[in-house]
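The structure presented is a predicted model; accordingly, all values stated were derived computationally and were not measured.
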Amino acid sequence: MKILGIDFTSSPKRRKPITCLNCTFSDSVLYAGNLEEWTSFSEFEEALIRSGPWIAGIDFPFGQSRKFIENIGWPGNWRDYVMYAQALGRDGFRDALDAYRHPREIGDKEHKRKTDVAAGSISPQKLYGVPVGLMFFEGAPRLVEAGVTIPHLQHGDPEHIVVEAYPVVLARQLIKRRSYKQDQRNKQTVKQRKARLDLLAGLSSGDIRARYGIKVNAPVSLCDDPTGDHLDALLCAIQAAWAWQKRASRYGAPLSVDSLEGWIADPTLS
């Protein structure tokens, strides 16, 4: 099976591209292949319609929380509220989230999905710092338009399957909260490289192999990227391969998946 691990960004450019690691998965072994770096959304869109079969793990929040959707009054199903958000335009989307957040009490401004709580990830409404809200805005409509299958959210082409990935969940199991990546060149350190090497080495540990049911065959050169995007793409591919193994069991998701919110593909969250 072809596996794609995709580390996403809301503003792809030469210094911060969307990163895709092409892998193959056979007999429980994930073989890392060639890397692609896309400096425009058009390249991402083209990848979503490549001939299959394949499954991709992509690192951005596919949905918003039910609480937010119901409170703000957006359409009550995933596809419709995604396209409603797109129709607002990037500035309009930002304005809508800012207007929602501004009058609310501290602690009730940005809401998490159930899967965010389980994963320890930030709210998909977040526009600043790590702007995952903008990643949702740019990524989710493109998944709708490509007609891919997204377990629990969208019935599409059965040979083009996409699951939400979150590499930090896997990284924390191996190196705890050690820093292993940094976009700013002047803040990149030798310690972070050591953490990346430890993370890659840890993927061969018995616990990880037992939990994910996957043996990883990947070059150490993935650790040469100080931004961590190459390594994150590998972690996304691992989560996608795990989901593929669990395709007969809801791609590993619990029965309680909210059809407005979606779910991150990882065994530790089920």
Side-chain angles (χ1 to χ4, degrees), residues 3-9 15-37 56-61 115-122 129-130 132 135 163-246 252 264-270:
I3 309 288
L4 306 178
I6 300 177
D7 188 67
F8 196 75
T9 175
R15 291 188 62 183
K16 184 66 175 178
I18 298 171
T19 301
C20 176
L21 181 64
N22 293 278
C23 304
T24 55
F25 188 51
S26 178
D27 295 328
S28 299
V29 181
L30 182 72
Y31 299 92
N34 67 299
L35 274 163
E36 298 180 71
E37 293 186 333
I58 310 181
D59 179 19
F60 70 82
T115 195
D116 298 318
V117 173
S121 54
I122 61 179
V130 180
V132 292
M135 294 167 74
V163 295
E164 182 176 338
Y166 184 49
V168 171
V169 171
L170 180 46
R172 284 176 182 163
Q173 296 174 60
L174 296 169
I175 60 170
K176 306 301 181 186
R177 293 185 177 271
R178 291 166 61 192
S179 172
Y180 69 95
K181 57 185 179 179
Q182 176 58 247
D183 287 341
Q184 296 183 42
R185 187 171 300 176
N186 63 346
K187 294 184 179 180
Q188 295 165 353
T189 67
V190 173
K191 286 185 177 180
Q192 289 167 350
R193 174 174 170 77
K194 178 61 165 60
R196 293 194 297 275
L197 291 168
D198 289 348
L199 200 168
L200 182 62
L203 294 174
S204 299
S205 71
D207 287 347
I208 294 298
R209 289 179 62 178
R211 189 171 297 140
Y212 288 81
I214 295 169
K215 180 179 179 181
V216 178
N217 188 321
V220 71
S221 59
L222 292 176
C223 299
D224 294 342
D225 167 33
T227 71
D229 292 347
H230 296 177
L231 197 52
D232 279 348
L234 173 64
L235 300 182
C236 289
I238 293 170
Q239 290 175 321
W242 172 81
W244 175 249
Q245 291 184 123
K246 299 294 182 181
I264 295 167
D266 193 274
T268 63
L269 309 183
S270 301

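Of all heavy-atom pairs between Leu174 and Leu199, the closest is CD1-O, 3.5 Å. Shown here for Tyr180 and Ala171, the closest heavy-atom pair between the two residues is CE2-CB, 3.9 Å. Between Ile264 and Glu164, the closest heavy-atom pair is CG1-OE2, 3.4 Å. A pairwise comparison of heavy atoms in Pro167 and Gln239 identifies N-OE1, 3.8 Å as the closest pair. The shortest non-hydrogen separation linking Val163 to Ala240 is CG2-CA, 4.0 Å. Nearest heavy atoms, Leu30 versus Cys23: CD1-CB, 3.7 Å.
With a 4.5 Å cut-off on side-chain heavy atoms, Ile3 and Thr24 do not count as touching. Looking only at side-chain heavy atoms (C-beta outward), Asp266 and Gln173 come within less than 4.5 Å of each other. Side-chain contact between Leu203 and Leu234 is present, with heavy atoms from C-beta onward closer than 4.5 Å. Looking at heavy atoms from C-beta onward, Ile18 lies in side-chain contact with Ile6 at the 4.5 angstrom threshold.
Between the side chain of Asp225 and the backbone N or O of His230, at least one donor-acceptor pair lies under 3.5 Å. The main-chain N or O of Ala233 is never found under 3.5 Å from a side-chain atom of Asp7 such that the two would form a donor-acceptor pair. Judged by distance alone, the side chain of Arg209 and the main-chain N or O of Lys215 form no donor-acceptor pair under 3.5 Å. A donor-acceptor contact shorter than 3.5 Å links the side chain of Gln245 to the backbone of Tyr212. Gln188 places a side-chain N or O within 3.5 Å of a backbone atom of Gln182 that can act as its donor or acceptor partner.
Residues satisfying the side-chain contact (heavy atoms from CB on, under 4.5 Å) criterion with Asp27, sequence neighbours excluded, are absent altogether.
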Please report the C-alpha distance between Leu235 and Asp59 in whole Å, then the side-chain angles of each, then the deciding distance to 0.1 Å, and finally whether the side chain to side chain contact (heavy atoms under 4.5 Å, CB included) criterion is met.
CA-CA 10 Å; Leu235 300 182; Asp59 179 19; over 6 Å; no

Derivation and outcome, side chain to side chain donor-acceptor pair (under 3.5 Å), residues Thr227 and Asp183:
CA-CA 5 Å; Thr227 71; Asp183 287 341; 4.6 Å; no

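Note on ring orientation: taking the six-membered ring where Trp is involved, the planes of Phe60 and Phe8 are tilted (angle from 30° to 60°).
Interatomic distance, OH of Tyr166 versus OG1 of Thr268, reported as 11.0 Å (0.5 Å rounding). Atom OG1 of Thr19 sits about 9.0 Å away from atom CG of Asp232, to the nearest 0.5 Å. Distance check: Leu21 CG to Leu4 CG gives 9.0 Å after rounding to the nearest 0.5 Å. Summarising the geometry, atom CD1 belonging to Ile175 is positioned 11.0 Å from atom CG belonging to Leu200; distances are rounded to the nearest 0.5 Å. Note: Leu35 CG to Cys20 SG = 8.0 Å, rounded to the nearest 0.5 Å.
No option in Arg196, Gln192, Lys191, Lys187 other than Gln192 meets the side chain to side chain donor-acceptor pair (under 3.5 Å) test with Ser179.
No side-chain N or O of Asp207 forms a donor-acceptor pair with one of Ser205 less than 3.5 Å apart.
Taking a cutoff of 4.0 Å between a charged side-chain nitrogen and a carboxylate oxygen, Lys16 and Asp229 qualify as a salt bridge.
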